[in-house]
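Only one structure is covered here, and it is reproduced in the block below.
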Number of protein chains: 2
Amino acid sequence: MEKSGSPSGTQAVQRAMSVLACFRDGGPTLSASDLARRTRLSTSTAHRLARALVSTGFLEQDARTARYRLGPSMTELGQLSFHQRGLHRVAPELGQLARATSATVDLAIRNGPHAVILIGGSVDPESGTGLRRPLHSTALGKVLLAWAPPGEDDVAALGPLRPQTERTIVDPEDLRAEIERVRKAGYALNDGESSHGVRTLAVPVLDRAEQVRYALAVRSTPEVITDTRIGWFAMHARACARALEVLLLSPEERRITDF
Amino acid sequence: MEKSGSPSGTQAVQRAMSVLACFRDGGPTLSASDLARRTRLSTSTAHRLARALVSTGFLEQDARTARYRLGPSMTELGQLSFHQRGLHRVAPELGQLARATSATVDLAIRNGPHAVILIGGSVDPESGTGLRRPLHSTALGKVLLAWAPPGEDDVAALGPLRPQTERTIVDPEDLRAEIERVRKAGYALNDGESSHGVRTLAVPVLDRAEQVRYALAVRSTPEVITDTRIGWFAMHARACARALEVLLLSPEERRITDF
DNA sequence: TGAGATTTCCTATATTGTGGGAATATGGAG
DNA sequence: CTCCATATTCCCACAATATAGGAAATCTCA
């Protein structure tokens, strides 16, 4: 099928994961043939993979309709991941930042070409926890790119840069320049590049290797985050990010001395 | 290796899922050899599966220590699963039940031989969201067994019934009798069977096929949930469960008329 | 610096996943 | 109620893919 630059020797597993990934864009339930269509796999293969995922609890099949939905293992391990990262401990910090800045606060992590919001300041399902945002058109994404480990900082690997508004950066060269600017400034700005009338400022949460683990954003309107106050917002966000750096690095990692 | 009663034709996928499952019992990070040991797979195989999971974002590998942790796709799809089930809409109902009863409220779903708490009334990581509890020693579990679909109600399939306290039901026959009692009464009781001094009452959240989708529990001390007030607690829990039944059945499922 | 453990890569083998196709079940329309 | 279209599930021969052994590279700790 694809020539697929991946040198991995695990077709079945990657296909199974792409079955799970269908639920990112699809509705809450998908039929076996939906899965086959979306993954471009044969009906038999999609069906067999789905059954394997059901047997391990990552999918669930409705007894009546035979449609699939994400299963209990997914929720369980998702929560576990949340706790194992220590994210349940950062809520107070984020709340404080939100109050100090009167802005909405998001904490995100990179997942391939997307930023996934781990803790969303909004309960709005359209911009809340679990949401995927593109890297090129968000402040979170620019931060995740600017401090990415070598090899994952390739703008070309993002594919076509889809415009969200007329301000969205769509030229890879422009994006590289923007990323360079972000790295120098220490924060990223998204001024209506993903949606109109929204201005977001993001900073990295770094580990000791100076690589980004999470991105932290404060989001509001241009009337609140004015040009002259950007420095002030950056300072507050940076302070919160530093607090998170302390909270989010596990004891095990912390014992590793750097110099 | 195992004779493995599963008639499925997907070894690689199931093995990959068992790699993910390692993180349920293990620490927040596991090394490649940890994974090989726990899954009883050869080093090469465990390593290759782990890499495939990393490439799809379900695992993450620390650049420094080369250890693995659960990845962003896990958190993302976990949250997605949460929302797609409509669970973000039930918080008010659960809060109301908690206030009315002055008890802790848990909502759980079955995952194989365990109950997974989807919304835990406690922020305590030891008894909060994402926790796995055994089916035989919890009120949640008894409910999930009592209304299980045919074929999944087999007590024998649970394996050995491990005692948690001296009150834990360990004889399969006793458990079957208890399940029968639960079904008749409409609620399950756990009186110190999983931990001392804790009494829990659980009721099912049923779909129209009279099969259990979720289990809802109120948990407190025997001084609060006294013998004489059990009926009162059951009534309140049952009322809340009915409200959840309305909330949690998707519109798609709802349009299916039953009689 | 050296011993031991761990991560990672490579390759031959056959076990395992693959997809065509047929049988069965489901739901909608007339 | 019956028929038709669509979707789900099962079966089987083929060969592509995952497997495990071993060796090299890297890291850890003394």
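In the text below, chain A, chain B and the rest are named by the order of the sequence lines, each starting its count at 1. Below, each value reflects all heavy atoms present in this structure, side chains not excepted, and no hydrogens, waters or symmetry copies.
Per the geometry, CG belonging to D62(B) stands 15 Å off C1' belonging to dT6(C), to the nearest Å. Nucleotide dT6(D) holds its P atom 11 Å from the CZ atom of R37(A), rounded to whole Å. In this structure, R15(A) atom CZ and dT16(C) atom P are separated by 18 Å, rounded to whole Å. For Q14(A) and dT17(D), the CD to C1' distance is 13 Å, given to the nearest whole Å. In this structure, R40(A) places its CZ atom 17 Å from P of dT18(C), rounding to the nearest Å. Atom-to-atom, CD of Q61(A) to P of dT9(D) comes out at 5 Å; the value is rounded to the nearest Å. If you take CG of L41(B) and C1' of dG21(D), they are 15 Å apart, rounded to a whole angstrom. Spacing between atom CZ of R48(B) and atom P of dT7(C) amounts to 16 Å, rounded to whole angstrom units.
Where T43(B) and L49(B) each meet DNA chain D at their nearest nucleotide, the meeting point lying more 5' is that of L49(B).
The listed nucleotides are dT8(C), dG19(C), dA18(D); the one nearest the side chain of H47(B) is dT8(C). You'll find that the side chain of A66(B) is closest to dT7(C), out of dT7(C), dT18(C), dT6(C). Taking the side chain of S42(B) as heavy atoms from C-beta on, and the options dA20(D), dC10(D), dT19(D), the nearest nucleotide is dA20(D). Side-chain proximity of A32(A) to the nucleotides dA20(D), dT8(D), dC9(C) is greatest for dT8(D). Counting only heavy atoms from C-beta on, A12(A) has its side chain closest to dA18(D) among dA18(D), dT9(D), dT8(C).
In the model, T56(A) has no side-chain atom that pairs as donor or acceptor with a side-chain atom of Q14(B) under 3.5 Å. Checked by atom type, the side-chain pair S81(A)/T75(B) shows a donor-acceptor distance below 3.5 Å. In this structure, a donor-acceptor pair under 3.5 Å is absent between the side chains of Y214(B) and R110(B).
Note on S31(A): only backbone sugar-phosphate atoms sit closer than 4.0 angstrom, heavy atoms only; bases stay farther off. Counting any heavy atom pair closer than 4.0 Å across all strands shown, S33(A) reaches sugar-phosphate atoms only and no base atom.
Residue side chain S44(B) reaches the base of dG21(D) through a donor-acceptor N/O pair under 3.5 Å, judged by distance alone. Residue T45(A) places no side-chain atom within donor-acceptor reach of the base of dG17(C), judged by atom type and a 3.5 Å distance cut-off alone.
One finds no salt bridge joining R176(B) and E180(B) here, because no Lys/Arg side-chain nitrogen approaches an Asp/Glu carboxylate oxygen to under 4.0 Å.
Note on Q11(A): every side-chain N or O is 4.0 Å or more away from OP1 and OP2 of dA18(D).
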Could you pull out all donor-acceptor pairs under 3.5 Å where a side-chain atom in residues 141-155 of chain B meets a protein atom, sequence neighbours excluded?
unit_1, atom_1, unit_2, atom_2, d
K142(B), NZ, E178(B), OE2, 2.9
K142(B), NZ, L189(B), O, 2.7
K142(B), NZ, E193(B), OE1, 2.7
K142(B), NZ, E193(B), OE2, 3.3
D153(B), OD1, G151(B), N, 3.4
D154(B), OD1, A156(B), N, 3.1

